[in-house]
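Report on one structure; see the data block that follows.
The sequence lines fix the lettering, A, B, ..., with proteins before strands; numbering per chain opens at 1.
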Amino acid sequence: MSAGPISRVIELGAGRPTVEVLEAGQGAPLLFLHGAGGIPAWEGALPLLAREYRVHAPLLPGFGKSTGLECLEDQWDLFLHGFDVIEALGLERPYVVGESMGGWMAAEMGALRPKEIGRLALAAPIGLWRDEAPIPDLFGQMTHELVPHLFHDPRCRPAQAMLAMSGLLSDKDDRSEEQVEQLLALARGFRTVAKFLFPIPERGLEKRLGRIAAPTLVVWGAGDRFVVPSYARIFGDRIRGARVMMIEGAGHLIGLERPEPYAAALVRWGRGEG
Amino acid sequence: MKFSWFHLMPYRWLPPDFRQRYHGVWVDLPNRLYDPERGHQLYNEYLDMLEYAAEVGFDAVGVNEHHQNAYGMMPSPNLMAAALARRVPNAMILVLGNSIALYNPPTRVAEEFAMLDVISGGRLIAGFPVGTSMDTNYCYGENPATLRQKYREAHDLILRAWREREPFAWNGKYTKLRYVNLWPQPIQKPHPPIWIPGLGSLETWDFCADHGYNYSYLSFSGYKRAQKMMDGYWARLAARGVEQNPYSAAFFQQVCVSDTDAACEREWWPHVDYFFNKCLHLYPGMTGAPGYMSEASLRAGIVSQVGNTGLNLGRDKSWKELCEQRYIVAGSPETVRQQLEELAKSLRVGHLLFGCHIGSAPIELVNRSTYLCATKVLPALRPLWSEWEDCSWPRALPAERRVQPGSQSAAVRQGVERSAGAAS
């Protein structure tokens, strides 16, 4: 396994957020946009991608050392912030991989400035809504209730690790200082997610999908019970020339549950091998 | 001291296996459990209780706002207050309150409160809660990350709407209005007293201190568990050089009075049990949407559990435990008097809000309790804090300038109902 990432903090300037970026690997640049859980550990698909790419993984305000959520008042500020980060990183028409919430952001950015995104991979992106396939409430359930929605196999190791974190949320009054900080960090990140996506994670993306020009891979866990795979077809139909791929044995958090086939698909897509 | 009689208006017929079958009393409890005809009975019974409390000597009658909640059936407290304003001639009308960030535009609150103040002849106490996360975020879909900012803006807009005498433009972040021009205006100048229900955050204390508002602690866990928080409030006022007037605080305490301590347990236990073990069955996944709490409050809650009601809700406690730990103040008039005196002195509160209706209690029990309170308990407590001026009380029109409901029709009835042609 490759070494962990280097963290650096970038100031975007007055009135704009401060961004922590995790970076690892050598090769062509890959911009990784994380999901609602942030990047608590350099695990899953990330180290695999770093074997082939120079991975840049910026954290949204509220996650890690990134701050300045108050500078981003709405989704448009958020998407512009995404372009500010691309510019600050010196990337030209990068390959953008976004997972879940990050997939929504990547799709929106691809629709907003189609010429500035070189290639796209959307991994179980949120952003659409069908009444017949409602997305479970991300903001009104406890961790142990969410986990079965997020993993194909809730007994898998990453699912169990997530459940262990929820033990910290109990009523007990005996947490260490480190655990208190851990809980607060979770709460900060989740506040960011809520700011842009509460209470229903749909903000009009569907009508903009046709504007995306980048070659786009839509990759989905075949066992996704959070955003069910029927959404993959909508993305596939609305994005010109998109390719849809299902990963067997994966739930919503594909990168944690089935990192190898998922990372391999992302690498192939990045090379233009589809 | 002053005494308000406060109703939550719970639904009375939650099934015996409620806690096993449903994960909570709020937000997503299926409304098939609600029978509107029983609701008709309840609303009228509950309004009767409030009217009776005013009749026997409580200084104010109080209502509040909850949504999709089986223990609080007043999505619109202003409707209840309007009904009370006509049927309760002298007591004050405490609306605690309107969750002002939920109204679009918030001038709706300024209008309705002004209407209530005018109808009642200046007897309104205007409560401005942020509102619980269940109400504001989960039921009304307000964004938890921006709720408090929106609340502050709504507050500023309402206050200005009450103050200005010329139309003005409001270019806010959450509300943009080209013409704000309130008709009617409240009778009380510059505005009705404002009470802020809070759970102990520093920012709420400062907000009250800055504006001269009453800080109201609405607790279901009783006065002993409120000590730390109220001490914090008074210390904060002292640190900021603000006078520690007991009337700048209010405290809600559930109270039941019977003729003897033993009778009280016998008569009240089923209804108290219903409240603590059914009404307060809250689903932990919805008590605080992400971003609802400020980071400082969250940290305080995580570190010390102050303000974390999750631990303090009184579930599965015996009557004896609930009494001893003062979740409820219950017993004979003398027992209750002693404990409420201790409450008032230890918390330094000038305004006591009585939760005299608890859980599933029926009117004969509640009104007896109310009557015993009014006749045997309140007179002994009333002189407390008399050296202080009440800074949080309505300045109503004097009684002789207030119009009594029905009086004007009565005055003209004879002429109006004359037989045709009789006047000529």
Side-chain angles (χ1 to χ4, degrees), chain A residues 36-38 60-63 67-75 77-78 101 134 136-147 149 166 168-203, chain B residues 23-24 26-29 67-68 101-102 132-150 152-153 172-174 228 282-316:
Chain A
L60 287 175
F63 289 92
T67 58
L69 180 62
E70 67 283 357
C71 308
L72 310 179
E73 286 188 5
D74 56 26
Q75 57 176 334
D77 282 350
L78 176 70
M101 179 191 186
D137 187 0
L138 180 60
F139 306 105
Q141 295 189 76
M142 292 183 287
T143 311
H144 70 268
E145 295 168 313
L146 272 174
V147 162
H149 292 294
S166 74
L168 285 181
L169 297 164
S170 76
D171 282 344
K172 289 218 188 75
D173 211 352
D174 55 357
R175 297 181 194 94
S176 67
E177 231 170 275
E178 193 192 336
Q179 288 172 325
V180 168
E181 295 308 318
Q182 218 175 345
L183 278 177
L184 286 169
L186 280 175
R188 269 195 295 270
F190 229 46
R191 178 181 56 192
T192 297
V193 179
K195 183 163 187 176
F196 301 110
L197 293 171
F198 187 91
I200 288 182
E202 190 279 320
R203 297 291 183 276
Chain B
H23 76 178
W26 212 325
V27 182
D28 58 355
L29 178 66
H67 301 275
Q68 303 175 196
L102 301 184
T132 69
S133 190
M134 287 76 89
D135 291 314
T136 56
N137 306 134
Y138 293 106
C139 295
Y140 265 42
E142 279 300 328
N143 193 303
T146 50
L147 176 71
R148 281 165 206 276
Q149 220 177 22
K150 191 176 177 196
R152 291 295 175 98
E153 184 184 305
K173 191 150 127 190
Y174 300 96
K228 199 167 163 186
L282 302 180
Y283 167 58
M286 290 183 184
T287 50
Y292 172 77
M293 297 244 271
S294 74
E295 181 155 341
S297 300
L298 201 60
R299 181 181 292 274
I302 290 173
V303 172
S304 68
Q305 301 290 1
V306 171
N308 182 345
T309 51
L311 273 184
N312 301 333
L313 286 178
R315 171 189 290 203
D316 295 328

Report task. Would you check if the side chain of B:N143 reaches a backbone N or O of A:F196 as a donor-acceptor pair within less than 3.5 Å? Result -> no

Query raised in the report: Less than 4.5 Å apart, any side-chain heavy atom of B:Y138 and any of A:D137?
Result: yes

Report summary line: Among B:M286, B:E295, B:H23, B:Q149, the residue with the most heavy-atom pairs under 4.5 Å to chain A is B:E295

**Report entry** Under 4.5 Å from any heavy atom of chain A - which part of B:D28
**Finding:** neither

**Report entry** Region of A:E145 that comes under 4.5 Å of a non-hydrogen atom in chain B
**Finding:** side chain

Query raised in the report: Under a 4.5 Å heavy-atom cut-off, does chain A meet the side chain of B:Y292, its backbone, both or neither?
Result: neither

**Report entry** Which atom of B:P290 lies closest to which atom of A:R191, heavy atoms considered
**Finding:** CB-N, 3.9 Å

Report task. Name the region of A:E177, side chain, backbone, both or neither, that has any atom closer than 4.5 Å to a heavy atom of chain B. Result -> neither

